[in-house]
Amino acid sequence: MNYNLAKEIAIASIQQSAQLCQQVRENIPKAIEKEDKSPVTVADFGSQALICKALKEAFPNIPIVGEEDATALRKPESVDTINKITGYVKNIIPSATSDEVLNWIDYGNGKVGDCFWTLDPIDGTKGFLRQDQYAIALALIVDGEVKLGLLGCPALKLSQGETGWLFVAERGKGAYRMPLAGGEMIKQKVVDKEDVSRFRFVESVEASHGNQALQNTIAQSVGITTESVRVDSQAKYGIVSSGEAALYLRLPSPKYPNYRENIWDHAAGAIVVEEAGGKVTDMYGKPLDFATASKMNDNRGVVVTNGVIHDTVIQAIRQENN
Ligand SMILES: Nc1ncnc2c1ncn2[C@@H]1O[C@H](COP(=O)(O)O)[C@@H](OP(=O)(O)O)[C@H]1O
Ligand SMILES: [Mg+2]
Ligand SMILES: [Mg+2]
Ligand SMILES: [Mg+2]
């Protein structure tokens, strides 16, 4: 597999998708409710259409396991929505028709296998709707291992540089970030233990996506006394990978004890942190399973660290659970 070509196609399609998402955001999009009651917007669909089209044209035989699906859009009552999505896609691909856009979205109905992409066209839809953080997350998984991961974070501002970053990581070749609009690649490195000033922890904004009380207890028990930084989406992985936080905790919400994490919510972020020297496991220290299904049925929670504190965090979680 030519990972350089894959990276190039992925970067270009994420940049296109970020343009569409930002255009939608300027027009204050409305949430559409999905069957599972979670929100989706015309940007989620438009982003999935653009990225799936680009990937399928370059790699026709590699399935794409994407979050969204066009079934609901094919219903007669959804004609306004699909026309709106196609309008935004046409700003990027003028020749696009609604039928093509529906088919491009449904390229994302691929199944996990020995080589597949997983795509979250907008991770953090609630953040996107709130005009806060969101991420366009794409990963390539080969023989059960994440080989490539890309995170487009159009609204992310770090301690230096402009707003809008694109994180790129290839297994064994390090993690980098570049300005989303293009520019120099900056090597990523997680925070050292000594750098206490950046020894912060990040967690979701949405209380229902984690266990904020327990997350704060665990963070304090490993010496992080500052308030948590609440951020939507896998931008949290970009922040840990940039060395601007030491820990991202995502413990199961007591309200949804049977919830299982989607692979598209973590695959890209995981390699972006691992290739910057960090570590990503579930709350028991088990590796995340990106190979078996689109949900990580045998994992509970997610722990993301700078590596050096990982075992201490897992130990602290074990103690709290006894
Ligand atoms: N009860 C729950 N526990 C954990 N994650 C959840 C959840 N309900 C939804 N999510 C996931 O949380 C993701 C957003 O993560 P974060 O909280 O870090 O912003 C959502 O992705 P989408 O926004 O792509 O649907 C969704 O998949
Ligand atoms: Mg969603
Ligand atoms: Mg998501
Ligand atoms: Mg999503």
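Residue numbers count from 1 along this sequence. Order of listing sets the numbers, starting from 1, for every ligand and every atom in it.
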How far is [atom] from the closest protein heavy atom, and which atom is that?
{"atom": "atom 17 (O) of ligand 1", "result": "H209 ND1, 2.6 Å"}
{"atom": "atom 26 (C) of ligand 1", "result": "D265 OD2, 3.7 Å"}
{"atom": "atom 18 (O) of ligand 1", "result": "K236 NZ, 2.5 Å"}
{"atom": "atom 21 (O) of ligand 1", "result": "D123 OD1, 3.2 Å"}

The Mg ion (ligand 2) to E67: nearest N/O/S atom name =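 So the atom name we want here is OE2.
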
Compute the ring centroids of Y248 and F201, then answer whether they are less than 6.0 Å apart.
->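 Centroid separation for Y248 and F201: 6.0 Å or greater.
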
Is a side-chain N or O of [X] found less than 3.5 angstrom from the main chain of [Y], in a donor-acceptor match?
{"X": "Q234", "Y": "D265", "answer": "yes"}
{"X": "E68", "Y": "Q48", "answer": "no"}
{"X": "Q15", "Y": "L180", "answer": "yes"}
{"X": "K34", "Y": "S38", "answer": "no"}

Between [X] and [Y], which heavy-atom pair has the shortest distance, and what is it?
{"X": "C153", "Y": "A135", "value": "SG-CB, 4.2 Å"}
{"X": "L129", "Y": "P29", "value": "CD2-O, 3.5 Å"}
{"X": "F199", "Y": "T226", "value": "O-OG1, 4.0 Å"}

Backbone or side chain, does any N or O of [X] fall under 3.5 Å from an N or O of ligand 1?
{"X": "G124", "result": "yes"}
{"X": "I122", "result": "yes"}
{"X": "Y259", "result": "yes"}
{"X": "W264", "result": "no"}
{"X": "K126", "result": "no"}
{"X": "D232", "result": "no"}
{"X": "S233", "result": "yes"}

Sub-4.0 Å atoms of ligand 1 with respect to non-hydrogen atoms of [X]:
{"X": "S204", "value": "16 (P), 17 (O), 18 (O)"}
{"X": "N262", "value": "27 (O)"}
{"X": "T125", "value": "23 (O)"}
{"X": "D120", "value": "24 (O)"}

Does [X] have a heavy atom less than 4.0 Å from any atom of ligand 1?
{"X": "S208", "answer": "yes"}
{"X": "S38", "answer": "no"}
{"X": "R250", "answer": "yes"}
{"X": "E67", "answer": "yes"}
{"X": "E261", "answer": "yes"}

May I ask you to say whether [X] pairs ionically with [Y], meaning some side-chain N is under 4.0 Å from a carboxylate O?
{"X": "K189", "Y": "D192", "answer": "yes"}
{"X": "E320", "Y": "R318", "answer": "no"}
{"X": "E184", "Y": "R177", "answer": "no"}

Distance from T281 atom OG1 to H310 atom NE2, nearest 0.5 Å?
->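 Here the interatomic distance stands at 3.0 Å.
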
Salt bridge (Lys or Arg N to Asp or Glu O under 4.0 Å) partner of E206, chosen from R130, R250, K255 |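 Result for salt bridge (Lys or Arg N to Asp or Glu O under 4.0 Å) with E206: R130.
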
Within 45° of the six-membered ring axis of Y259 and under 6.0 Å from that ring's centre, is NZ or CZ of K295 located there?
->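 Cation-pi check for K295 and Y259: passes.
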
What is the name of the N/O/S atom of [X] that is nearest to the Mg ion (ligand 3)?
{"X": "D123", "value": "OD1"}
{"X": "D120", "value": "OD2"}
{"X": "D265", "value": "OD1"}

When you look for heavy atoms under 4.0 Å from ligand 1, do you find them on the side chain of S253, its backbone, both, or neither?
->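 Neither; nothing of S253 gets under 4.0 Å from ligand 1.
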
Under a 4.0 Å heavy-atom limit, does D44 contact ligand 1 with its side chain, its backbone, both, or neither?
->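 Neither part.
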
Going through the distances and angles, do E274 and K279 end up as a salt bridge (Lys or Arg N to Asp or Glu O under 4.0 Å)?
-> CA-CA 5 Å; E274 288 167 348; K279 188 165 179 177; over 6 Å; no

